[in-house]
Number of protein chains: 2
Amino acid sequence: MARATPEKRRSRTRGQAGNDRRTQIIKVATALFREKGYHVTSLDDIADRIGFTKPAIYYYFKSKEDVLFAIVNSIVDEALERFRAIADGPGSAGERIHALLVEHTRTILRNLDANTVFYNERGLLSPKREKEMRQREREYTEVMRSLYAEGVASGELLDIDPSVATATLLGASIWSYRWFDPKGRLSVDEVAEQIAKLLLNGYRR
Amino acid sequence: MARATPEKRRSRTRGQAGNDRRTQIIKVATALFREKGYHVTSLDDIADRIGFTKPAIYYYFKSKEDVLFAIVNSIVDEALERFRAIADGPGSAGERIHALLVEHTRTILRNLDANTVFYNERGLLSPKREKEMRQREREYTEVMRSLYAEGVASGELLDIDPSVATATLLGASIWSYRWFDPKGRLSVDEVAEQIAKLLLNGYRR
DNA sequence: CCTACCGATCGGTAGG
DNA sequence: CCTACCGATCGGTAGG
């Protein structure tokens, strides 16, 4: 069990190096949490793969949960930002929803590891943090819901319950994280376009 | 290991008692696995809620994973059965897909606890069992995929990749397990109809 | 179906 | 960022 000597202190400034290490821990943890799940992954697993020991992680994070939180938090931040930009942009309600769906799927599929952890493991956060996550997620669900309601009012969109519509459209997009194969024949952009097209037009020709 | 099987016990005076106990363990485990997740739920938690002690569970199950497997397995069985009945029934490809989607959503929402466990925790089964689950799931995905391809060939359905279409339609239906509120204003049937309607027609009026 | 208990794992800390 | 280690939890078993 001789530990692999980690390549110590690259000749860099202290702050930058610390940031790299933190980023590296997050990256490795993200991959492992996705592969095995949060509880099956031990801090030793993470440390081993990086090449140092468990207590090193506590130099950068206060707890295991904090590592998960860092991953989950970055995802929701990113999503919320993109949503607002598109929702506040030009176009009819229907056009903006289309743009939203394409962008949403793209964002998920381009960062599959972190998004998988987000959707699979966020329920394991402390009640307080989980509540906060739900709150921020509701914010961007609400952005789309009000867009949909606007489209129904103007007669542009199918008249069903806007909450059901929003949840269904987003769900169809989100679910791609479970079946998309980065090594498959279709690219992220192709899949994102096809999903959005199907939702816009329906499967009946 | 030289213990009596539950089957032997069942033939006693108490009749279905053994079976009831097993069913009760599954029911309680399903609720707890959904609430807290598989790994956060201990066998003591399950036993406590029923009112006996942990070793009693080992009278009915060989391991904790076997309890999870019993839950997950029943779900995939049920889904596969319903899928085949509808797919082999009457109607055009589009009509059968519609019926499939309504029924699929209904089945999930009527049995939310077990389906939530199925979709959230099945990845925690042993590699062998997980592979088996994936296999059976692919069977019913394939049922729908070939229906979709048939509809594209006949010109009835939107011409996109049948695999993408199938995954997206099913995903939109499945995702309802995450947002449906049994105490909300819409019933299971209403939600199932609205989802299917949206997918059939698209959100653009 | 119970009491009693074991072995292993693991998050986290002390102290350097 | 390391060595050494603790306390608690927990799946599972022995033996009745």
Side-chain angles (χ1 to χ4, degrees), chain A residues 1-26 28-29 32-33 36-70 121 124-126 129, chain B residues 1-14 16-26 28-29 32-33 36-71 121 124-126 129:
Chain A
M1 192 75 77
R3 72 211 131 81
T5 311
E7 64 245 58
K8 271 191 173 181
R9 60 195 75 144
R10 298 170 181 173
S11 337
R12 277 190 188 172
T13 68
R14 186 66 213 173
Q16 192 58 34
N19 220 326
D20 284 352
R21 276 293 190 217
R22 206 188 132 92
T23 304
Q24 192 182 16
I25 292 169
I26 289 179
V28 169
L32 285 169
F33 288 169
K36 317 205 296 179
Y38 176 75
H39 279 115
V40 181
T41 302
S42 70
L43 292 173
D44 282 320
D45 290 336
I46 296 170
D48 280 357
R49 190 173 282 195
I50 296 177
F52 53 29
T53 63
K54 181 173 61 176
I57 295 173
Y58 284 90
Y59 183 81
Y60 298 99
F61 294 91
K62 287 209 314 284
S63 68
K64 187 184 180 186
E65 198 205 306
D66 278 27
V67 179
L68 176 59
F69 182 68
E121 319 289 345
L124 299 174
L125 289 171
S126 69
R129 279 175 163 168
Chain B
M1 256 301 282
R3 231 163 284 170
T5 64
E7 282 73 19
K8 279 182 183 172
R9 209 159 203 239
R10 204 197 322 165
S11 60
R12 279 189 173 181
T13 48
R14 297 264 309 272
Q16 295 282 86
N19 220 330
D20 285 350
R21 275 291 191 218
R22 205 188 132 94
T23 304
Q24 192 182 16
I25 292 170
I26 289 180
V28 168
L32 284 170
F33 289 170
K36 318 205 296 178
Y38 177 74
H39 279 113
V40 180
T41 302
S42 71
L43 292 174
D44 282 319
D45 290 336
I46 297 170
D48 279 359
R49 189 172 283 196
I50 296 178
F52 52 28
T53 62
K54 183 172 61 175
I57 296 174
Y58 284 91
Y59 183 80
Y60 298 99
F61 294 93
K62 285 209 315 286
S63 67
K64 186 184 181 185
E65 198 205 305
D66 278 27
V67 179
L68 176 59
F69 182 69
I71 298 166
E121 319 289 345
L124 299 174
L125 290 171
S126 68
R129 279 176 162 167

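Since the structure is predicted, the reported quantities are computational estimates derived from the model, not experimental observations. Order of the sequence lines fixes the chain letters, A, B, ..., with proteins taken first and strands second; residue numbering starts at 1 for each chain.
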Side-chain contact check for B:Leu43: nearest option of D:dG11, D:dC1, C:dC1 is D:dG11
Is there a side-chain contact between B:Val67 and B:Tyr60, using heavy atoms and a 4.5 Å cut-off?
-> no
Side chain to side chain contact (heavy atoms under 4.5 Å, CB included) partners of A:Asp48, counting only residues at least two apart = none
Nearest-Å distance, CD1 (B:Ile57) to P (C:dC2)?
-> 10 Å
Contact under 4.0 Å: A:Tyr60 side-chain N or O vs D:dC1 OP1/OP2 = yes
Distance, rounded to the nearest Å, where B:His39 contributes NE2 and C:dA8 contributes C1' | 14 Å
What integer distance in Å separates A:Phe69:CZ from C:dG11:C1'?
-> 20 Å
Where does DNA chain D pair, written as one dot-bracket string 5' to 3', with Watson-Crick or G-U pairs under 3.5 Å, ( ) inside the strand, [ ] for crossing pairs and | for another strand?
-> ||||||||||||||||
Ignoring the backbone of A:Lys64, work out which of C:dT3, C:dG11, D:dC2 is nearest its side chain.
-> C:dG11
Choose from D:dG12, C:dA14, D:dC1 the nucleotide whose nearest atom is closest to any side-chain atom of A:Pro55.
-> C:dA14
Would you say B:Asp45 and B:Lys36 make side-chain contact, with heavy atoms under 4.5 Å?
-> yes
Check whether any side-chain heavy atom of B:Glu65 sits under 4.5 Å from a side-chain heavy atom of B:Tyr38, and report yes or no.
-> yes
Taking the side chain as every heavy atom from C-beta outward, state whether A:Phe61 and A:Arg22 have any atom pair closer than 4.5 Å.
-> yes
Assign each of A:Asp45 and A:Lys62 to its nearest nucleotide of DNA chain C by heavy atoms, then name whichever residue's nucleotide is nearer the 5' end.
-> A:Asp45
Would you tell me if any nitrogen or oxygen in the side chain of A:Tyr58 comes within less than 4.0 Å of OP1 or OP2 on C:dG12?
-> yes
Choosing from D:dC1, D:dG11, D:dT13, which nucleotide comes nearest the side chain of A:Phe52?
-> D:dC1
For B:Asp44 and D:dA8, what is the distance between atoms CG and C1' respectively, to the nearest whole Å?
-> 13 Å
Spacing between B:Glu65 atom CD and D:dG12 atom P, to the nearest angstrom | 9 Å
Euclidean distance, atom OH of residue A:Tyr38 to atom P of C:dC10 [Å, nearest integer] = 13 Å
Interatomic distance where CD1 belongs to A:Ile46 and C1' belongs to C:dG12 [whole Å] | 14 Å
Closest non-hydrogen contact found for A:Leu68 with A:Glu121 is CD2-O, 3.7 Å
Using whole Å, report how far CZ of A:Arg22 lies from P of D:dC1.
-> 13 Å
Donor-acceptor pair present, A:Lys54 side chain and C:dG11 base, under 3.5 Å | yes
Would you mind classifying the nucleic acid contact of B:Thr53 as base, sugar-phosphate or nothing, using non-hydrogen atoms under 4.0 angstrom?
-> base
Side-chain touch B:Asp66/B:Arg129, heavy atoms, less than 4.5 angstrom = yes
